[in-house]
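Only a predicted model underlies this, so the values are computations on that prediction, with no experimental measurement involved. Letters A, B, ... mirror the listed sequences (proteins, then strands); counts begin at 1.
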Protein chains: 2
Amino acid sequence: MRKLASTNFENQKRLESLCGLPHAMEVLKGRWKVNILWSISLGNKRYGEIKKDIGFISEKMLTQRLRESEADGLIIRKDFQTIPPHVEYYLTEIGTDLIPVLDQLCKWGYKARNKNDKEISEH
Amino acid sequence: MRKLASTNFENQKRLESLCGLPHAMEVLKGRWKVNILWSISLGNKRYGEIKKDIGFISEKMLTQRLRESEADGLIIRKDFQTIPPHVEYYLTEIGTDLIPVLDQLCKWGYKARNKNDKEISEH
DNA sequence: CATTATACGTACTTTATTGTATGTACCCTA
DNA sequence: TAGGGTACATACAATAAAGTACGTATAATG
């Protein structure tokens with residue numbers, strides 16, 4: 001739960017008003033979000049598929065992050081209203097737009113990791 | 001401080017081993033990091049300049065994040081060894097490579113924010 | 001008739017991050 | 001000689017995120 005009257009919260013708002021970057025980071029933050037979005041972009045639609053794809057995410061985390069990404073407008077939740085339940089998740093337009101950026105970030109991440117590992121092992 | 005034997009920690013490591021994306025997010029996480037890096041990329045070199053540029057970051061946060069980004073290999077700290085102290089921060093090569101990606105992310109962030117605001121105000 | 005599968009919800013504990021307050025050592029300027 | 005600037009460090013309190021354990025309803029399967 002967010003505490004609306006804390007400096008913590010205020011600082012985040014102030015940052016987000018400065019430029020788009022903090023908003024982007026806010027929307028992507030948390031351990032699992034980018035992986036969930038990525039997984040959906042690869043064609044995993046159902047809760048169970050995403051869970052299996054990531055492998056070791058807890059059900060609580062998955063549900064929570066999916067809800068947040070839905071609220072942020074990145075994904076759409078389609079409930080087939082059946083029993084047992086059948087739900088599918090899709091990227092929205094803005095969610096889809098994010099994927100190439102994540103791809104860039106991923107490539108950078110590889111480079112950064114290798115570079116740093118190398119430098120550390122040189123000692 | 002990180003607790004090395006927690007599931008929390010282990011999960012992060014597991015994710016990072018999967019692809020470059022979690023590593024990138026790990027390196028950029030926290031409220032202030034991307035703004036600090038951005039500020040340096042704009043030409044702010046000194047501690048005080050970065051602090052003034054962001055405006056409302058506490059000194060503790062700034063120091064802490066600078067140290068982390070240095071450990072992650074994104075920036076270099078050049079201490080002029082004078083009294084009163086004079087220190088300058090520069091982006092490394094890999095740190096510089098990140099800037100265009102952050103720029104993309106920033107643009108996406110604007111779009112995502114506007115889109116979401118609009119949809120919310122339509123209710 | 002017990003198990004598995006679906007997609008969650010809720011209460012609780014553990015870990016991690018962020019913020020606040022204060023102190024440091026020295027220099028320069030008024 | 002009092003105050004401001006430089007670039008931090010440290011102890012502590014407040015807040016947020018992540019993980020654990022357990023429970024739900026129903027249907028199909030063995």
Legend entry - With K33(A) via side chain to side chain contact (heavy atoms under 4.5 Å, CB included) - residues at least two apart: R65(A), E68(A), S69(A), D72(A)
Inset, instruction - Identify, residue by residue, the members of residues 42-49 of chain B with a heavy atom below 4.0 Å from DNA chain D, and return them in order of residue number, or none. - result: R46(B), Y47(B), G48(B)
Inset, instruction - Have a look at L91(A) and tell me which of L98(A), I99(A), I76(A), L74(A) forms a side-chain contact (heavy atoms from CB on, under 4.5 Å) with it. - result: I99(A)
Legend entry - First of L66(A) and T7(A) reached from the 5' end of DNA chain C, by closest nucleotide: L66(A)
Legend entry - Non-neighbouring partners of D103(B) that pass salt bridge (charged side-chain N to carboxylate O under 4.0 Å, His left out), sequence neighbours left out: K107(B)
Legend entry - Gap between atoms CG and C1', on N8(A) and dA13(D) respectively (whole Å): 13 Å
Legend entry - Check against side-chain contact (heavy atoms from CB on, under 4.5 Å), N35(B) and I50(B): CA-CA 9 Å; N35(B) 286 76; I50(B) 301 166; over 6 Å; no
Inset, instruction - Tell me, please, which residues at least two apart from C19(B) pass side chain to side chain contact (heavy atoms under 4.5 Å, CB included). - result: C106(A), Y110(A), L21(B), P22(B)
Legend entry - Close approaches to DNA chain D from residues 55-64 of chain B, in residue order (heavy atom, under 4.0 Å): E59(B), K60(B), T63(B)
Legend entry - For atom CZ of R65(A) and atom P of dG19(D), their distance in whole Å: 9 Å
Inset, instruction - Tell me, please, which residues at least two apart from T63(B) pass side chain to side chain contact (heavy atoms under 4.5 Å, CB included). - result: Y47(B), R67(B)
Legend entry - Qualifying side-chain hydrogen bond (donor to acceptor under 3.5 Å, both in side chains) pairs, either residue in residues 74-84 of chain B, two or more places apart: R77(B)-Y89(B)
Legend entry - For DNA chain D, the residues among residues 81-91 of chain A that have a non-hydrogen atom under 4.0 Å from it: I83(A), P84(A)
Legend entry - With E26(A) via side chain to side chain contact (heavy atoms under 4.5 Å, CB included) - residues at least two apart: R2(A), Q12(A), E16(A), K29(A)
Inset, instruction - Using only side-chain N and O atoms of R77(A), determine if any of them is under 4.0 Å from OP1 or OP2 of dA7(C). - result: no
Legend entry - Spacing of I54(B) atom CD1 and W32(B) atom CH2 [to the nearest 0.5 Å]: 7.0 Å
Legend entry - Hydrophobic cluster partners of F9(B) (side-chain heavy atoms under 4.5 Å): L4(B)
Inset, instruction - Go through residues 10-35 of chain B and report each residue with a non-hydrogen atom lying under 4.0 Å from DNA chain C, sorted by number. - result: K29(B), G30(B), R31(B), W32(B)
Inset, instruction - Can you tell me which stems DNA chain D forms, taking runs of 3 or more consecutive Watson-Crick or G-U pairs with both distances under 3.5 Å? - result: C:1-30 with D:1-30
Legend entry - Between P of dA18(D) and CD1 of I54(A), the distance in whole Å: 13 Å
